[in-house]
Visitor: 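Can you read through this structure? Questions will come right after.
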Amino acid sequence: MRNSSIKALFVILLLSLSLSLFAAGGNVTGKITEAGTNDVLPGANVTVQGTRIGAASGTNGIYTISNLPAGTHTLVVTFMGYKPQTKEVTVQAGARTTVDFVLESEVLTGQEISILADRAQERKTPVAFSNVQKVEMEARLGSRDIPLVLNVTPSVYSTPQGGGAGDARVNVRGFNQQNVAIMVNGVPVNDMENGWVYWSNWDGLGDATSSIQMQRGLSSVNLATPSIGGTMNIITDPAALSAGSSLKQEFGNDGFLKTTFSVASGIINDKYSFSGSLVRKTGDGLVEGTWTDAWAYYIGLGYQINNKNRLEFYALGAPQRHGQASYMQNIGTYSHDFAAEISDYSPAALEAFPEAASGRKYNQTFNEIKGVYASEGQEAWNGGIHRRYSRDFLNERENYFHKPLVNLNWYSQLSSKVNLFSTLYWSGGTGGGSGTLGSLKWDYTLPNSRRIDWDATFAANKENATGARGILRNSVNNQWTVGAIAKVNYKPVRGLDLNA
């Protein structure tokens, strides 16, 4: 009885503290419009200077920042293609303060890339799209792959797939990502052969991204990229970030550890801007064998030559290795309780598919190494490129890759009616993925599912006088791409845009 009283008193104190904290702040709201036309600007980013507090304007141009501590604050509004604007606001506890902004368009700003890199604009482009700003990404994404932040946007479904780091998939309007154009700072990153996107190559990009636009359906992209499903534009604009640095440490289950160091200069002398980040991520993975061992880096430089010319340089990459969970299983293998709740699941399947001891964490492409072979160490494999990740287990499916992307963008206003966007880029890739070849020994502990019995396979290989009969092999993909893109925008009269 005494413990119950103490718990009840503790809850009351917490509620009282929460209410007092809530009452100590006020709300700031307002409308963001375009100068000259009074058109609303949805998707504008409003932040409180020196903090990570902020909001984005809705389709009606209205933004709301709730529970802002009492006192004087500086609001900063940024929107693609418009001059940034700041205003001071004095917030009173429990009060509602209105602060409106009228933004002036700007041909060349630190955020010009977002328009020239095939970005849609409200009321000006007949394309359905959604914008995700930096504030929203920090609140929703966490340490997950970038596509997972888009699950709240219409017609978009993304999933971490088998659970391996960087193995996320995104579908737009029912089309898989082979039919979705993925752009990073105006550069297409879809695979040249099959149009696929491997998000492990861009691990850590979420920490550097200033905004994402998801265009649905055939869009305003002018490149020959597979964009029938839609286009995802990822922008890492160094001039869009306020000056400062941060060190973020993330912890999670199954040994997950991610350290992120970021730095940004803001705009210096109205000419220079810099941002960069370095990421280290390790973890065992929720699903068996989906460990990750990754680095990521990003550098962005901006130089405003004059009012009509701007240069931006970007370099990013993510050298990484991770275990994969490639094969699907019957749902009963993961959980009999869950399978039994499915109305059209056959009860007979529960007998045919016993539940794995590890349940939902079961991975068919992973198995432990036991006995003498575990004590022989982590011998080098794949031609000595890297060593076995662990003494205790081995993955049938492992991915390793490093695909840096470097690009130089030039924005120029040739006249009051003509703008030119040019980009020169290089992307190189070294890596591949593992699989099996030959005759291997299999572990059928679970009927209708099999794993490689590594110990039995090692023993059989040693006993065979003519050499190994079952081996791990690699599909190697070493590539490099050089590209150049030029886009001219001509506005002969108000309301008419011509692009080539």
Side-chain angles (χ1 to χ4, degrees), residues 117-118 145-147 161-162 164-170 176-206 208-209 221-229 231-234 236 279 281 292-300 313-324 326 380-387 389 395-409 422-437 472-486:
D118 300 312
D145 297 336
I146 283 184
Q161 195 75 354
D167 289 335
R169 299 290 183 264
V170 60
N176 66 24
Q177 58 191 24
Q178 286 179 295
N179 296 288
V180 177
I182 310 296
M183 316 281 287
V184 177
N185 296 325
V187 177
V189 297
N190 296 73
D191 187 270
M192 297 292 287
E193 292 181 306
N194 58 17
W196 205 251
V197 179
Y198 304 93
W199 293 103
S200 56
N201 294 334
W202 318 111
D203 201 3
L205 185 59
T209 299
V221 167
N222 302 111
L223 301 174
T225 51
S227 59
I228 188 172
T231 301
M232 180 178 175
N233 286 299
I234 302 172
T236 63
V279 181
K281 184 171 76 172
T292 181
D293 183 3
W295 291 86
Y297 57 88
Y298 162 79
I299 297 174
F313 173 82
Y314 299 98
L316 60 128
Q320 58 82 36
R321 294 175 59 192
H322 71 276
Q324 297 180 298
S326 302
W381 64 291
N382 184 34
I385 290 179
H386 53 223
R387 293 182 175 273
Y389 179 75
N395 291 82
E396 178 185 345
R397 299 284 184 176
E398 174 186 331
N399 174 271
Y400 60 98
F401 221 90
H402 180 205
K403 187 178 181 180
L405 173 65
V406 178
N407 62 294
L408 178 66
N409 296 345
S422 302
T423 182
L424 178 66
Y425 65 92
W426 169 87
S427 180
T430 302
S434 64
T436 59
L437 187 67
L472 274 178
R473 53 87 184 161
N474 280 287
S475 296
V476 179
N477 185 3
N478 297 338
Q479 57 178 275
W480 64 271
T481 303
V482 174
I485 303 169

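Along the sequence shown, residues are numbered consecutively beginning with 1. On a predicted model such as this, the values are computed, not experimentally measured, just so you know.
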Visitor: What are the two closest non-hydrogen atoms of Tyr425 and Pro188, and how far apart are they?
Guide: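 Looking at all heavy atoms of both residues, the shortest contact is OH-CG, 4.1 Å.
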Visitor: Apply side chain to side chain contact (heavy atoms under 4.5 Å, CB included) to Asn176 and list each qualifying residue two or more places apart in sequence or on a separate chain.
Guide: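 Checked Asn176 against side chain to side chain contact (heavy atoms under 4.5 Å, CB included); matches are Asn171, Gln178, Asn179, Trp196.
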Visitor: Listed by chain and number, what are the side-chain hydrogen bond (donor to acceptor under 3.5 Å, both in side chains) partners of Thr292, not counting sequence neighbours?
Guide: none
Visitor: Taking only residues two or more places apart in sequence, or in another chain, which ones meet Leu424 in a side chain to side chain contact (heavy atoms under 4.5 Å, CB included)?
Guide: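 Per chain and number, Leu424 pairs via side chain to side chain contact (heavy atoms under 4.5 Å, CB included) with Ala484.
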Visitor: If you measure from OG on Ser200 to NE2 on His322, what distance do you get to the nearest 0.5 Å?
Guide: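 Rounded to the nearest 0.5 Å, the OG-NE2 separation comes out at 5.0 Å.
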Visitor: Asp293: what forms a salt bridge (charged side-chain N to carboxylate O under 4.0 Å, His left out) with it, not counting sequence neighbours?
Guide: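 In terms of salt bridge (charged side-chain N to carboxylate O under 4.0 Å, His left out), with neighbours along the sequence ignored, Asp293 is linked to Arg280.
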Visitor: Taking the side chain as everything from C-beta on, heavy atoms only, tell me whether Glu398 gets closer than 4.5 Å to Arg321.
Guide: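 Contact flag for Glu398/Arg321 side chains = yes.
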Visitor: Taking only residues two or more places apart in sequence, or in another chain, which ones meet Asn399 in a side-chain hydrogen bond (donor to acceptor under 3.5 Å, both in side chains)?
Guide: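 Per chain and number, Asn399 pairs via side-chain hydrogen bond (donor to acceptor under 3.5 Å, both in side chains) with Gln320.
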Visitor: When you look at Ile299 and Leu316, which way does the side-chain contact (heavy atoms from CB on, under 4.5 Å) test go after all the steps?
Guide: CA-CA 6 Å; Ile299 297 174; Leu316 60 128; over 6 Å; no
Visitor: Ignoring hydrogens and angles, tell me if any N or O in the side chain of Asn185 forms a donor-acceptor pair with the backbone of Thr236 under 3.5 Å.
Guide: yes
Visitor: Taking all heavy atoms of Val180 and all of Asn190, pick out the closest pair and write down the distance.
Guide: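 Looks like O-ND2, 2.8 Å.
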Visitor: Can any side-chain N or O of Arg397 pair as donor or acceptor with the backbone N or O of Asn395 at less than 3.5 Å?
Guide: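 No, the answer is negative, given that no donor and acceptor are paired below the 3.5 Å cut-off.
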Visitor: Can you sort out the partners of Thr436 under side chain to side chain contact (heavy atoms under 4.5 Å, CB included), two or more places apart, ordered by chain and number?
Guide: Glu396, Leu440, Ile452, Leu472
Visitor: State, yes or no, whether a side-chain contact exists between Gln479 and Thr430 at a heavy-atom distance under 4.5 Å.
Guide: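 No; the side chains remain at least 4.5 Å from each other.
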Visitor: Going by side-chain hydrogen bond (donor to acceptor under 3.5 Å, both in side chains), name the residues that satisfy it together with Trp199, two or more places apart in sequence or in a different chain.
Guide: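 Scan of Trp199 (side-chain hydrogen bond (donor to acceptor under 3.5 Å, both in side chains), adjacent residues dropped) gives Gln177.
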Visitor: One pair to check against side-chain contact (heavy atoms from CB on, under 4.5 Å): Val197 and Arg169. What are the steps and the verdict?
Guide: CA-CA 8 Å; Val197 179; Arg169 299 290 183 264; over 6 Å; no
Visitor: What is the distance from atom CG of Asn409 to atom CZ of Phe313, rounded to the nearest 0.5 Å?
Guide: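 Asn409 CG to Phe313 CZ: 10.5 Å, rounded to 0.5 Å.
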Visitor: Residues in ring pair (Phe, Tyr, Trp, His ring centres under 6.0 Å) with Tyr297, at least two apart?
Guide: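 Applying ring pair (Phe, Tyr, Trp, His ring centres under 6.0 Å) to Tyr297 gives His402.
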Visitor: If you measure from CG on Leu408 to OG on Ser422, what distance do you get to the nearest 0.5 Å?
Guide: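 These two atoms lie 9.5 Å from each other.
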Visitor: Would you check, one step at a time, whether the test side-chain contact (heavy atoms from CB on, under 4.5 Å) holds for Tyr298 with Tyr314?
Guide: CA-CA 8 Å; Tyr298 162 79; Tyr314 299 98; 3.6 Å; yes
Visitor: What's the shortest heavy-atom distance between Leu405 and Ser427, and which atoms?
Guide: CD1-CB, 3.9 Å
Visitor: How long is the straight-line distance from CD1 of Ile182 back to CG of Asn233, given to the nearest 0.5 Å?
Guide: 9.0 Å
Visitor: For residues Val189 and Trp202, determine if any side-chain heavy atom of one lies less than 4.5 Å from a side-chain heavy atom of the other.
Guide: yes
Visitor: Quick one: CG on Asn477 to OH on Tyr198, what's the gap to the nearest 0.5 Å?
Guide: 7.5 Å
Visitor: What are the two closest non-hydrogen atoms of Gly433 and Tyr400, and how far apart are they?
Guide: N-CE2, 4.1 Å
Visitor: What is the distance from atom OG1 of Thr423 to atom CD1 of Ile485, rounded to the nearest 0.5 Å?
Guide: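 That separation rounds to 6.0 Å.
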Visitor: Using side chain to side chain contact (heavy atoms under 4.5 Å, CB included) as the criterion, list what pairs up with Trp426, not counting sequence neighbours.
Guide: Pro404, Val406, Trp480, Val482
Visitor: What residues form a salt bridge (charged side-chain N to carboxylate O under 4.0 Å, His left out) with Lys281, not counting sequence neighbours?
Guide: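 Lys281 satisfies salt bridge (charged side-chain N to carboxylate O under 4.0 Å, His left out) with Asp203 once adjacent residues are dropped.
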